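As structure tokens, the structure follows; a few thoughts come after it.
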Amino acid sequence: MIKQIVSLVVIISLCIPLPVMAEKGSDSIEKNSVVAFDDINKENYAYEAICYLYDKGIINGKSEKLFFPDDSLKREEFAKIVVNAFRLSGASKKSFTDAVKGEWYEGYISKAEAAGLMQGVSETEFGIGYNISRQDLAVVIKRLLDNMEVKLNGENIAPFADSETIAPYAKEAVTALCANGIMHPREDNLFLPNEKASRSEAAFAVYSALKQKNEYYASLGRMA
């Protein structure tokens with residue numbers, strides 16, 4: 001009798017489907033993550049992005065329980081996010097006078113510069129401690145997608161109410177990213193190019209760019 005019960009338990013256990021675990025290091029975009037920040041909820045448009053990037057170890061909160069989604073983002077902080085999200089390698093031979101050797105950001109800004117994504121704010125300074133603007137965030141993301149030969153096919157969008165304030169070097173990037181839903185204008189159809197990019201906006205843009213890359217590569221039958 002005991003043997004029959006044991007056999008029945010084994011058979012039942014074998015019939016229960018096991019949860020499918022994502023391959024470690026996979027670029028697949030999961031949508032069922034839960035993030036442990038008290039100031040982020042599912043009503044935040046960037047919730048899914050923050051969950052994914054946090055789960056992958058690409059972004060962190062400012063404290064154990066707080067993400068501070070509306071805070072600004074330093075240029076070196078954004079370099080770290082981009083390098084980690086897209087697994088960039090390489091190193092720049094250029095040195096910046098405001099970048100302290102041995103600081104946490106040294107390798108990240110070197111890789112971002114080597115990839116042609118971020119230059120300095122001048123010939124000699126990277127801009128350590130400077131907040132990254134919305135238009136510069138758009139430029140970096142567009143360069144990333146161009147480097148990976150990802151074609152953006154969004155529909156044309158109406159001009160922003162403040163289109164004339166977007167710098168010439170950033171107009172193409174801003175238009176392309178907004179047409180493809182990677183970035184959005186703020187209130188009253190204003191892009192506000194010189195405003196500081198928020199941590200939520202940066203997370204959403206990076207996550208959306210990753211999705212664009214994966215979807216485009218999948219359409220070509222390529223591995224992401």
Side-chain angles (χ1 to χ4, degrees), residues 19-22 26-75 77-86 131-142 144-145 150 152-163 165-166 170 173-216 218 224:
V20 178
M21 300 298 290
S26 170
D27 284 329
S28 61
I29 304 294
E30 297 94 356
K31 295 185 178 181
N32 60 345
S33 304
V34 176
V35 72
F37 294 123
D38 293 341
D39 55 351
I40 295 291
N41 58 51
K42 291 184 178 180
E43 294 179 0
N44 186 307
Y45 75 97
Y47 176 81
E48 188 177 297
I50 294 167
C51 288
Y52 174 81
L53 297 177
Y54 174 74
D55 285 349
K56 291 290 185 180
I58 295 169
I59 59 172
N60 298 305
K62 284 193 166 184
S63 70
E64 184 179 352
K65 290 292 184 180
L66 297 174
F67 184 75
F68 289 91
D70 298 324
D71 278 12
S72 57
L73 195 69
K74 306 298 183 187
R75 283 170 52 83
E77 292 173 334
F78 189 57
K80 178 182 178 180
I81 292 171
V82 167
V83 166
N84 286 342
F86 291 89
N131 294 311
I132 190 164
S133 68
R134 282 170 50 79
Q135 67 181 0
D136 284 351
L137 186 150
V139 168
V140 174
I141 295 294
K142 181 63 164 57
L144 258 172
L145 295 173
V150 175
L152 300 177
N153 299 310
E155 297 179 0
N156 292 331
I157 56 173
F160 301 111
D162 58 347
S163 291
T165 66
I166 301 173
V174 168
T175 301
L177 265 59
C178 288
N180 284 269
I182 298 173
M183 290 188 73
H184 300 287
R186 289 187 180 172
E187 66 281 354
D188 302 322
N189 196 36
L190 293 169
F191 185 76
L192 303 176
N194 296 305
E195 287 290 309
K196 303 167 186 175
S198 72
R199 287 165 55 81
S200 278
E201 289 170 336
F204 183 82
V206 169
Y207 174 73
S208 299
L210 281 169
K211 288 176 66 177
Q212 286 278 346
K213 181 199 76 168
N214 288 359
E215 291 168 7
Y216 182 70

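Keep in mind that this is a model prediction, so the values were computed, not measured.
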Correct closest heavy-atom pair for Ala138 and Val174 would be CB-CG2, 3.9 Å
Quick check on side-chain contact (heavy atoms from CB on, under 4.5 Å): which of Ile59, Asn131, Ile81 does Leu73 satisfy it with? Ile81
For Asp162 and Phe191, indicate whether the former's side chain and the latter's backbone hold a donor-acceptor pair under 3.5 Å. yes
Ring geometry between His184 and Tyr45 (parallel below 30°, tilted from 30 to 60°, perpendicular above 60°): perpendicular
Can you give me the closest heavy-atom contact between Arg186 and Leu192, atom names plus distance? CD-CD1, 3.8 Å
Can you tell me how far apart CD (Glu215) and CG (Leu210) are? Round to the nearest 0.5 Å. 11.0 Å
Between Phe37 and Tyr54, ring centroids under 6.0 Å: yes
Can you find a pair of side-chain heavy atoms, one from Ile58 and one from Phe86, that are under 4.5 Å apart? no
Any donor and acceptor pair, going by atom type alone, linking the side chain of Asp188 with main-chain N or O of Leu190 inside 3.5 Å? no
Could you measure the distance from the CG atom of Leu145 to the CG atom of Leu177? Nearest 0.5 Å is fine. 6.5 Å
Rounded distance [0.5 Å steps], CZ in Phe67 versus CG in Asp38: 13.5 Å
Can you name the closest pair of heavy atoms from Glu48 and Lys211 and give their distance? OE2-NZ, 4.3 Å
Is Glu201 close to Glu195 at the side-chain level, that is, under 4.5 Å between some pair of heavy atoms? no
Would you give the length of the straight line joining atom CG of Asn180 to atom OG1 of Thr175, rounded to the nearest 0.5 angstrom? 11.0 Å
Here the pair of heavy atoms bringing Phe160 nearest to Cys178 is CZ-SG, 3.5 Å
Of all the heavy-atom pairs spanning Asp71 and Lys62, show the shortest one and how long it is. OD2-NZ, 2.8 Å
Between Pro185 and Asn189, what is the shortest heavy-atom contact and its length? CG-OD1, 4.0 Å
Lys56 versus Asn84: any side-chain heavy-atom pair under 4.5 Å? no
Roughly how far apart are Asp55 CG and Ile50 CD1, rounded to 0.5 Å? 11.5 Å
I need the Ile40 CD1 to Ser200 OG distance, nearest 0.5 Å. 5.0 Å
